[in-house]
Amino acid sequence: MQTENTSQDTKADVKSAVLKEEDIVKESWNTMTFGKKLEYLWMYYKGVLFGAVILVCLISIGITMYKGAHTTVLLNAVIVGGDNLKAEWLEESFAQYADVEEEDGVLQMRTNIPDDGGGMTSTTALTTLMGAESVDVLICPKRVFEDYDSYDGFLNMRDVLGDKASGYGDSVLDNGVRLKAGNILEKEAMTAYDEIYAAIPANCQNPKMAAKFIEFLLQ
């Protein structure tokens with residue numbers, strides 16, 4: 001009986017101590033600095049916070065995968081050495097030109113491949129995208145264009161543009177286009193290199209929209 005009473009007294013003491021600590025925290029919370037509050041939360045609730053972060057990440061990944069599976073991609077354009085801050089402008093400008101509405105699908109402008117003079121980073125990334133059939137139009141400097149063109153990696157541009165090809169003069173090459181000085185990308189400082197080339201990979205998934213994008217660049 002004495003042992004049972006002792007156990008109950010111990011539990012009561014522990015409960016009382018916890019309540020006192022909670023009262024102390026409640027009283028001091030409003031006077032804590034932001035840093036102290038974070039320190040307290042991390043010390044006592046880091047397990048919960050870590051779990052919450054993981055849950056948020058999983059939800060975010062799930063949403064991204066769901067959107068990817070239920071989104072119609074109308075065009076995948078890769079701009080080597082492109083300005084990431086101008087990607088949204090390019091999407092909106094082309095959407096207006098091609099009369100593309102939001103409900104029609106998405107236009108993706110990738111600008112995350114650096115113009116590093118043929119370095120391993122850009123070569124690996126671009127080759128991976130091309131091999132995965134994730135590029136409808138490639139915008140790049142002359143060196144990159146010639147590298148892939150030497151492997152017959154592009155569609156014949158005269159066939160793509162058809163009767164319109166002659167109207168663009170010497171801007172149209174056999175397997176791509178060379179944009180003239182003062183082109184829309186140059187005016188907006190989309191790239192840093194002087195000569196801008198554009199081509200459509202042979203495994204392009206959206207050839208009609210790719211051809212329209214080429215016309216947009218040549219205007």
Side-chain angles (χ1 to χ4, degrees), residues 73-100 107-119 121-219:
V73 178
L74 302 175
L75 180 75
N76 271 312
V78 171
I79 303 94
V80 175
D83 185 343
N84 187 53
L85 299 177
K86 303 289 179 63
E88 186 175 351
W89 158 80
L90 187 56
E91 291 172 7
E92 292 176 352
S93 297
F94 177 58
Q96 185 175 6
Y97 174 85
D99 196 24
V100 173
L107 303 168
Q108 296 183 343
M109 305 294 169
R110 300 174 186 267
T111 57
N112 57 342
I113 296 182
D115 177 25
D116 59 4
T121 299
S122 64
T123 301
T124 301
L126 186 54
T127 300
T128 300
L129 285 174
M130 297 275 276
E133 302 182 354
S134 297
V135 183
D136 294 316
V137 176
L138 174 64
I139 298 171
C140 59
K142 182 179 181 179
R143 172 191 49 76
V144 176
F145 170 76
E146 290 181 341
D147 284 347
Y148 284 92
D149 189 35
S150 64
Y151 292 101
D152 297 324
F154 301 129
L155 296 179
N156 184 290
M157 190 57 66
R158 300 184 192 284
D159 291 341
V160 170
L161 295 176
D163 295 338
K164 296 180 181 179
S166 59
Y168 298 115
D170 58 3
S171 291
V172 178
L173 310 175
D174 288 341
N175 300 317
V177 297
R178 181 180 57 245
L179 304 186
K180 292 184 176 181
N183 62 77
I184 189 170
L185 299 183
E186 184 180 283
K187 288 178 180 177
E188 293 294 330
M190 185 70 194
T191 62
Y193 36 89
D194 295 330
E195 290 187 296
I196 303 174
Y197 286 72
I200 300 176
N203 58 3
C204 167
Q205 297 298 296
N206 301 289
K208 290 184 178 179
M209 192 62 73
K212 189 173 288 291
F213 188 60
I214 293 293
E215 294 173 10
F216 165 75
L217 297 175
L218 288 168
Q219 65 178 323

### Task
List the steps, then state whether side-chain contact (heavy atoms from CB on, under 4.5 Å) holds for L161 with Y168.
CA-CA 10 Å; L161 295 176; Y168 298 115; 4.0 Å; yes

### Query
What class does the angle between the rings of F154 and F145 fall in, given that below 30° is parallel, 30 to 60° is tilted and above 60° is perpendicular?
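Plane angle under 30°, so parallel.
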
What's the separation between atom [atom1] in [X] and atom [atom2] in [Y], rounded to the nearest 0.5 Å?
| X | Y | atom1 | atom2 | answer |
| --- | --- | --- | --- | --- |
| D147 | K142 | CG | NZ | 12.0 Å |
| M109 | D83 | CE | CG | 14.5 Å |
| Y197 | L217 | OH | CG | 14.5 Å |
| L179 | Q219 | CG | CD | 11.0 Å |
| N84 | M190 | CG | CE | 8.0 Å |
| F216 | L75 | CZ | CG | 10.5 Å |

### Message
side-chain contact (heavy atoms from CB on, under 4.5 Å), that's the test. Do I79 and L138 meet it? Break it down for me.
### Response
CA-CA 6 Å; I79 303 94; L138 174 64; over 6 Å; no

### Query
When V177 is tested against each of I214, I139, I200 for side chain to side chain contact (heavy atoms under 4.5 Å, CB included), which residue passes?
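Filter result, single survivor: I214.
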
[X] and [Y]: which non-hydrogen atoms are nearest, and at how many Å?
| X | Y | answer |
| --- | --- | --- |
| C204 | A210 | SG-CB, 3.9 Å |
| G119 | S122 | O-OG, 3.3 Å |
| V172 | M157 | CG1-CG, 4.0 Å |

### Message
Does either side chain, that of T121 or that of D116, offer a donor lying less than 3.5 Å from an acceptor on the other one?
### Response
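Judged by distance alone, the side chains do not pair up.
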
### Heavy atoms from other residues, nucleotides or ligands near NZ of K86 exceed 12 (cutoff 6.0 Å)
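More than 12 within 6.0 Å, yes.
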
### Query
More than 12 heavy atoms of other residues, nucleotides or ligands under 6.0 Å from CD of E88: is that the case?
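No, the 6.0 Å shell around CD holds no more than 12 heavy atoms from other groups.
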
Considering only heavy atoms from C-beta outward, does the side chain of [X] approach that of [Y] to under 4.5 Å?
| X | Y | answer |
| --- | --- | --- |
| L129 | I113 | yes |
| I184 | F94 | no |
| Y148 | L126 | yes |
| P201 | M130 | yes |

### Full working for side-chain contact (heavy atoms from CB on, under 4.5 Å) between Q108 and L74
CA-CA 8 Å; Q108 296 183 343; L74 302 175; over 6 Å; no

For [X] and [Y], indicate whether the former's side chain and the latter's backbone hold a donor-acceptor pair under 3.5 Å.
| X | Y | result |
| --- | --- | --- |
| D136 | N206 | yes |
| Y193 | V80 | yes |
| T127 | T124 | no |
| N183 | K180 | yes |
| Q96 | S93 | no |
| R110 | N76 | no |

### Message
Check R143 with D115, please: is the shortest side-chain N to carboxylate O separation under 4.0 Å?
### Response
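Yes, this pair counts.
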
### Message
L155 vs N175, test: side-chain contact (heavy atoms from CB on, under 4.5 Å). Steps then yes/no.
### Response
CA-CA 6 Å; L155 296 179; N175 300 317; over 6 Å; no

